[in-house]
Amino acid sequence: MKIEIFSDVLCPWCYIGKRRIRAALEAFAHRDRLEVVWRSFELAPELDRTPGVTAAQAMEQWMDPAAVPARVRLIKDNGRQEGLELNLERSRPISTFDAHRLSHLAAHRGQADEILERLFHAYHTEAVNVADHDVLARLAVEEGLDAGEVRALLDGDAYADDVRADERRARALGVSGVPSVVVDGMCPVPGVMPPAELASVLEQAWARGGGRAEAPVEG
């Protein structure tokens, strides 16, 4: 059975969801029969590689500023429940396109989960600029990727088409926000659901037989 997880490094709920999805997968009786694929999704494709305001300040641009402190507390509390330190007052949104390209390289080396974990921690906990190529190179090498291969990726456009293909697939599947989980091409479900509820989704899909054909990718 194929599990597609759409996420973006900028999204604190995606870091929280990563923990909950992992718990759901570990509880699933047929986890050895699952194919887990991490998909790219850019929440703010208009951003560049230069950090601006903090994540908490950015929230004031799309919601009532008076409601932001409570929203930040909610996110941080949910993160804390999963053992995560989320520093929205320090992290600064930037372009995640190159981070997504790096995650595709990692996937081809069987290290997608490890690289994504490092990227999430770097951005949300350490509040570093994960659009900076030197930072990305350092993080990748820390997780065991080849320094020369990583630098060549960052200096070129390798895996750019893969990122765009993921984004087209998100649209084809009706994914409009992250984290989203798609099981065997069916309708996306929120990736921040409690692990027991996510596990139930997996069990129901398994009971239906799995193996459903993927939804077509646009373009």
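This chain uses plain numbering: 1 for the first residue, then up along the sequence. Computed from a predicted structure; not experimentally measured.
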Peer 1: Regarding Arg20 and Asn78, do their side chains bring together a donor and an acceptor under 3.5 Å, going by distance alone?
Peer 2: yes
Peer 1: Do His100 and Asp166 have side-chain N/O donor and acceptor atoms under 3.5 Å apart?
Peer 2: no
Peer 1: Taking the side chain as C-beta and beyond, is there a heavy-atom pair between Leu25 and Leu202 under 4.5 Å?
Peer 2: yes
Peer 1: May I ask whether Val53 and Trp62 are part of the same hydrophobic cluster, defined by side-chain heavy atoms of I, L, V, M, F, W, Y residues being less than 4.5 angstrom apart, directly or through others?
Peer 2: no
Peer 1: Identify the heavy atoms of Cys11 and Pro179 that sit nearest to each other, and give their distance.
Peer 2: SG-CD, 4.3 Å
Peer 1: Supply the atom-to-atom distance Leu105 CG to Leu153 CG, rounded to the nearest 0.5 angstrom.
Peer 2: 5.5 Å
Peer 1: Rounded at 0.5 Å granularity, tell me how far CG in Asp132 sits from CD1 in Ile94.
Peer 2: 10.0 Å
Peer 1: I need the Leu74 CG to Lys76 NZ distance, nearest 0.5 Å.
Peer 2: 12.0 Å
Peer 1: Quick check against the 3.5 Å criterion: does Glu197 have a side-chain atom that pairs as donor or acceptor with the backbone of Pro194?
Peer 2: no
Peer 1: Taking Arg49 for its side chain and Ser95 for its backbone only, find out whether a donor-acceptor pair lies under 3.5 Å.
Peer 2: no
Peer 1: Holding to side-chain hydrogen bond (donor to acceptor under 3.5 Å, both in side chains), I want the full list of residues that pass it with Glu42, two or more places apart in sequence or in another chain.
Peer 2: Arg164
Peer 1: Which pair of non-hydrogen atoms, one from Ala205 and one from Met1, has the smallest distance, and what is that distance?
Peer 2: CB-SD, 3.7 Å
Peer 1: May I ask you to decide whether Asp157 forms a salt bridge with Arg101, counting only side-chain N to carboxylate O separations under 4.0 Å?
Peer 2: no
Peer 1: Any chance you could lay out the side-chain contact (heavy atoms from CB on, under 4.5 Å) test for Leu136 and Val150, step after step, and finish with the verdict?
Peer 2: CA-CA 8 Å; Leu136 287 173; Val150 170; 5.8 Å; no
Peer 1: Do Arg171 and Glu167 pass the salt bridge (Lys or Arg N to Asp or Glu O under 4.0 Å) test, and can you show the C-alpha distance, the side-chain angles, and the key distance before you say yes or no?
Peer 2: CA-CA 6 Å; Arg171 291 192 294 270; Glu167 292 172 339; 5.5 Å; no
Peer 1: Please say whether more than 12 non-hydrogen atoms of neighbouring residues, nucleotides or ligands are located less than 6.0 Å from CG in Asp161.
Peer 2: no
Peer 1: Hey, are the side chains of Leu88 and Met59 touching, using non-hydrogen atoms and a 4.5 Å cut-off?
Peer 2: yes
Peer 1: Measuring only between side-chain heavy atoms, which start at C-beta, is Lys18 closer than 4.5 Å to Ile21?
Peer 2: no
Peer 1: Using the rule that two of Ile, Leu, Val, Met, Phe, Trp, Tyr join whenever any of their side-chain heavy atoms come within less than 4.5 Å, decide whether Leu145 and Val163 are in one cluster.
Peer 2: no
Peer 1: Within a reach of under 6.0 Å around NE2 of His108, are more than 12 heavy atoms found that belong to other residues, nucleotides or ligands?
Peer 2: no
Peer 1: What distance do Phe41 atom CZ and Leu10 atom CG have between them, rounded to the nearest 0.5 Å?
Peer 2: 11.5 Å
Peer 1: Could you give the distance from CE (Met186) to CG (Leu173), rounded to the nearest 0.5 Å?
Peer 2: 11.0 Å
Peer 1: Do you know which two heavy atoms are closest between Asn87 and Thr125, and how far apart they sit?
Peer 2: ND2-O, 2.7 Å
Peer 1: Taking all heavy atoms of Asp8 and all of Leu43, pick out the closest pair and write down the distance.
Peer 2: OD2-N, 3.0 Å
Peer 1: Parallel, tilted or perpendicular: which describes the rings of His121 and Tyr15, with under 30° parallel and over 60° perpendicular?
Peer 2: perpendicular
Peer 1: I need the minimum non-hydrogen distance between His104 and Ser40, along with the two atoms involved.
Peer 2: NE2-OG, 3.2 Å
Peer 1: Looking only at non-hydrogen atoms, find the nearest pair between Pro51 and Arg92 and report the distance.
Peer 2: CB-CB, 3.8 Å
Peer 1: With a 4.5 Å heavy-atom cut-off, do Val135 and Arg138 have their side chains touching?
Peer 2: yes
Peer 1: So does Ala99 get a backbone contact from the side chain of Thr96, meaning a donor-acceptor N/O pair under 3.5 Å?
Peer 2: no
Peer 1: Under a 3.5 Å distance rule, please check whether Glu143 uses its side chain to pair with a backbone N or O of Gln111 as donor and acceptor.
Peer 2: no
Peer 1: Are Leu47 and Phe97 connected in the hydrophobic side-chain network, where two residues link if heavy atoms are under 4.5 Å apart?
Peer 2: no
Peer 1: More than 12 heavy atoms of other residues, nucleotides or ligands under 6.0 Å from CG of Asp64: yes or no?
Peer 2: yes
Peer 1: With rounding to the nearest 0.5 Å, note down the distance linking CG in Asp98 to OG in Ser103.
Peer 2: 10.5 Å
Peer 1: Show, in sequence, the C-alpha distance, side-chain angles and deciding distance for Thr54 and Glu89, and conclude whether the side-chain contact (heavy atoms from CB on, under 4.5 Å) test is met.
Peer 2: CA-CA 6 Å; Thr54 67; Glu89 302 91 343; 5.6 Å; no
Peer 1: Are the charged groups of Asp113 and Arg118 less than 4.0 angstrom apart, N to O?
Peer 2: no
